[in-house]
Number of protein chains: 2
Amino acid sequence: MPPRPPRRDDPVRQRSLRDHNLALVLRHVTAANRPPSRAEIAAASGLTRATVSTIVDELIAGGLVAELEPVSRSGVGRPGTGIVPAGTGPAGLGMEVNVDYLAVCAVDLTGAVRHRQVRRLDQREHSPAQTWQALGELADQAVAAVAAQGLVPAGGVIAVPGLVEGDTIRIAPNLGWQQVALPRPEDLGGPRDLPLDVANEATLAALGERHATGLRSFLYVSGEIGIGGGIVLDGELFGGSHGWAGEIGHVTIDPQGPDCHCGSRGCLEQYAGEEAIRAAAGLRAGGAVLADLVDGGRQGSAPVLDALEHAGTALGVALSGAVNLLDIGTVVLGGHYAELIDWLRPAIERELARRVITARWAPAKVRASALGSDAALVGAARAVTQAILDDPARFLATRPAPAV
Amino acid sequence: MPPRPPRRDDPVRQRSLRDHNLALVLRHVTAANRPPSRAEIAAASGLTRATVSTIVDELIAGGLVAELEPVSRSGVGRPGTGIVPAGTGPAGLGMEVNVDYLAVCAVDLTGAVRHRQVRRLDQREHSPAQTWQALGELADQAVAAVAAQGLVPAGGVIAVPGLVEGDTIRIAPNLGWQQVALPRPEDLGGPRDLPLDVANEATLAALGERHATGLRSFLYVSGEIGIGGGIVLDGELFGGSHGWAGEIGHVTIDPQGPDCHCGSRGCLEQYAGEEAIRAAAGLRAGGAVLADLVDGGRQGSAPVLDALEHAGTALGVALSGAVNLLDIGTVVLGGHYAELIDWLRPAIERELARRVITARWAPAKVRASALGSDAALVGAARAVTQAILDDPARFLATRPAPAV
DNA sequence: TCTTGTTTGTTCAGCCATTGAACTTATAGG
DNA sequence: CCTATAAGTTCAATGGCTGAACAAACAAGA
């Protein structure tokens, strides 16, 4: 998603030095748990107060941060003026295409969700073109709504439940899409000049989770109709060679297991996918499966508890392999799994303890998603703002200082 | 291994700018397939000729690169003087502790192996202290041998078949070691002031493979008595949270499979470890298992071919999971697997094609290790030189320009 | 042999971002 | 009202890169 990550093979000139320190200061502003003063930023970053001052001035001029009213905080000495990420100006537009709904949200640079709208719409009954059109309408409304709050979207990211590569959606099984070209701004409707991007929903959800929790490294697993995943390493999303990393849904649990629609056998989805759990629990098809499972779990229904125990065991086996391979300390359960975690966790942790070779020295933690079902949507919007925060110089260069 | 990787949260001053460009220029010198001139480095790196000149001067003064005799290469114009990594000066000392041998080697900055010695010694009959002592003798000889060639080891790395964390070897199953403290220079014997480091052998082998082949991203799997692995992503070794990433040997193949000594069931080692293959092939225990397998394979022995086919299938299942998770394009087979690749590959590729969800768009390649059984040893030595090449400024700062 | 054209490598003034110290501003406490 | 303390700004100095001019080394042609 970042248009072009800074590469270590780039030559470094004076300007890139400033670029780096712009990002460094901005990072301190966003990461601090209390609006830091210029002096505090200087102390924390290792730069001098003089440098921080000029950099903060540049960020203020570019509309990326703002000064608070000077408030006397504590003790003697001249009180500092707190610096905060701008609550107006650039925003990120997140969009989500899922099986039976579309959603749009907007976040500002502080990470706050400033707009959110969901519309029920079954994509299986519509062509991709119709989906883009409907999504465009929602986006239009979002742009208008945030404009009233002083926000201007700097880009949009669309989350889709499928594999994205280059300029096509290779396949989105549950939408019934194959080889669908990525939408250009005009496909969404109005003549927007928004830079658009499309990415896998689980990947974006992992990103959203990373920003919501501050976790530096974790494996995110989202269980809905399909099972998706995303890997965050040291604060960075890990995409793999083609951006397809994290596809844990088709990891083999049992080489001789049941056939999977992907052509393989014994995939995790055949044990812990929504349909598999529903069938094992003896629930009716076509209903509100998640709600039924939660109800069954709460009421202690034996078939439901058994089904979740089996799913958790399979999840635990797959996650053990992932933890052995990646040596990753935390597993975040998202999507439906977040609401089922109480019944899934015992089996998952049992398998992790048994199958992860380093479990006795550094047991992996299992926790529920903090964002729940909004993770992908918010993650998509945050991907836009994060790109600005990660490389403010690029943003400032393309969009010169707004008229004051 | 790099004592302290450059962090993006560091402030950037003028000096770090020079540090970055020192590394940038040095990287161009080592990566070029022909000694580049200052002008060519400038063109390739984006720096100006003036800057490259001063940087090259600094590198020459520090003994990291050298000028070739100016040779008229081609066409008109003043011929450039080629710049090459120094063949004298700093060297890397690689050491390996394995079940039944110790080994030492030294490489120079060009990556060439300038010394290599292996000594049969069964660690299971000796204490760690005795092992360090014996290794120290080999190291002494190596230091003396390379000194005669104008090389001075700048550091040493020891490869061990076990899990290393902080300042202890947590466990090295096949050596029978548990909670062994990492050796300090004095534990090896003579009063050396060599900075020492210890790391997992498969991890280091992956690193060696990376430098030998130039591959940017791959999964390295080494099959010997145990199965180890290492992950290289975008040219960098991926260590995970504790440096334990790549432990593919205990990924679950079948949750109900045979018990493994690690306490789990159905681990890959139970299907594709040396002992498992030997037993399946009906070979006698205690012999030269690898040689027997290669012989059996060449002669078309049915039990041997069957055993290797089974091992390849299990490897394929485990690798499929890894590729699904990491979206990694290449799998490198090392250790004994390198010599058995002809009989393992068909089954591995069959499983990859069937089980990797993205196989039809981007099939993963399977190849044999280029370094074979020396991968860990050479990788350990290269880890030292690579640290210098990655951050020449640190080296130049600690070891000022040698007397000219 | 001499001249011309081309490319390499060096020199140097100019530029730019950071530094460190001095200075100004703003507060608390006596 | 004065002093101590801390925040923020100003400014000369420093270090590293750039660009242009220049010197050096070679090929090709006259």
What's the CG-P distance between B/Leu68 and C/dG9, to the nearest Å? 12 Å

Please tell me if B/Asn21 has a side-chain N or O lying less than 4.0 Å from either OP1 or OP2 of D/dG16. no

May I have the distance from B/Ile55 (atom CD1) to C/dG9 (atom P), rounded to whole angstrom? 15 Å

Close N/O contacts between protein and nucleotides 6-10 of chain D (under 3.5 Å):
{"unit_1": "D/dA6", "atom_1": "N3", "unit_2": "A/Arg78", "atom_2": "N", "d": "3.3"}
{"unit_1": "D/dA7", "atom_1": "O4'", "unit_2": "A/Arg78", "atom_2": "O", "d": "3.1"}
{"unit_1": "D/dA7", "atom_1": "N3", "unit_2": "A/Arg78", "atom_2": "NH1", "d": "3.3"}
{"unit_1": "D/dG8", "atom_1": "OP1", "unit_2": "A/Thr81", "atom_2": "N", "d": "2.6"}
{"unit_1": "D/dG8", "atom_1": "OP1", "unit_2": "A/Thr81", "atom_2": "OG1", "d": "2.9"}
{"unit_1": "D/dG8", "atom_1": "OP2", "unit_2": "A/Arg38", "atom_2": "N", "d": "3.0"}
{"unit_1": "D/dG8", "atom_1": "OP2", "unit_2": "A/Ala39", "atom_2": "N", "d": "3.0"}
{"unit_1": "D/dG8", "atom_1": "N7", "unit_2": "A/Arg49", "atom_2": "NE", "d": "2.9"}
{"unit_1": "D/dG8", "atom_1": "N7", "unit_2": "A/Arg49", "atom_2": "NH2", "d": "3.1"}
{"unit_1": "D/dG8", "atom_1": "O6", "unit_2": "A/Arg49", "atom_2": "NH2", "d": "2.7"}
{"unit_1": "D/dT9", "atom_1": "OP2", "unit_2": "A/Ser53", "atom_2": "OG", "d": "2.4"}

Closest heavy-atom pair and its distance - A/Thr51, A/Thr54: O-OG1, 2.8 Å

Side-chain N or O of A/Arg15 versus OP1/OP2 of C/dC16: is the shortest distance under 4.0 Å? no

Enumerate the residue pairs fulfilling salt bridge (Lys or Arg N to Asp or Glu O under 4.0 Å) with a member in residues 378-388 of chain B, sequence neighbours excluded, ordered by first and then second residue. none

How close or far is atom P of C/dG9 from atom CG of B/Leu47, stated in whole angstroms? 15 Å

Taking atom P of C/dG9 as reference, at what distance in whole Å does atom CD1 of B/Ile41 sit? 9 Å

Can you check the B/Ile60 CD1 to C/dG9 P distance for me, whole Å? 10 Å

Phosphate oxygens OP1/OP2 of C/dA17: is one of them under 4.0 Å from a side-chain N or O of A/Thr51? no

State which residues pass side chain to side chain contact (heavy atoms under 4.5 Å, CB included) with A/Leu389; sequence neighbours excluded, sorted by chain then number. A/Leu26, A/Thr30, A/Leu109, A/Gln386

Could you check how far CG of B/Leu17 sits from C1' of C/dT19, rounded to whole Å? 15 Å

Enumerate the residue pairs fulfilling salt bridge (Lys or Arg N to Asp or Glu O under 4.0 Å) with a member in residues 53-63 of chain A, sequence neighbours excluded, ordered by first and then second residue. A/Arg15-A/Glu58, A/Arg18-A/Glu58, A/Arg38-A/Asp57

Partner set under salt bridge (Lys or Arg N to Asp or Glu O under 4.0 Å) for B/Arg184, not counting sequence neighbours: B/Glu186, B/Asp187

All salt bridge (Lys or Arg N to Asp or Glu O under 4.0 Å) counterparts of A/Asp327, not counting sequence neighbours: none

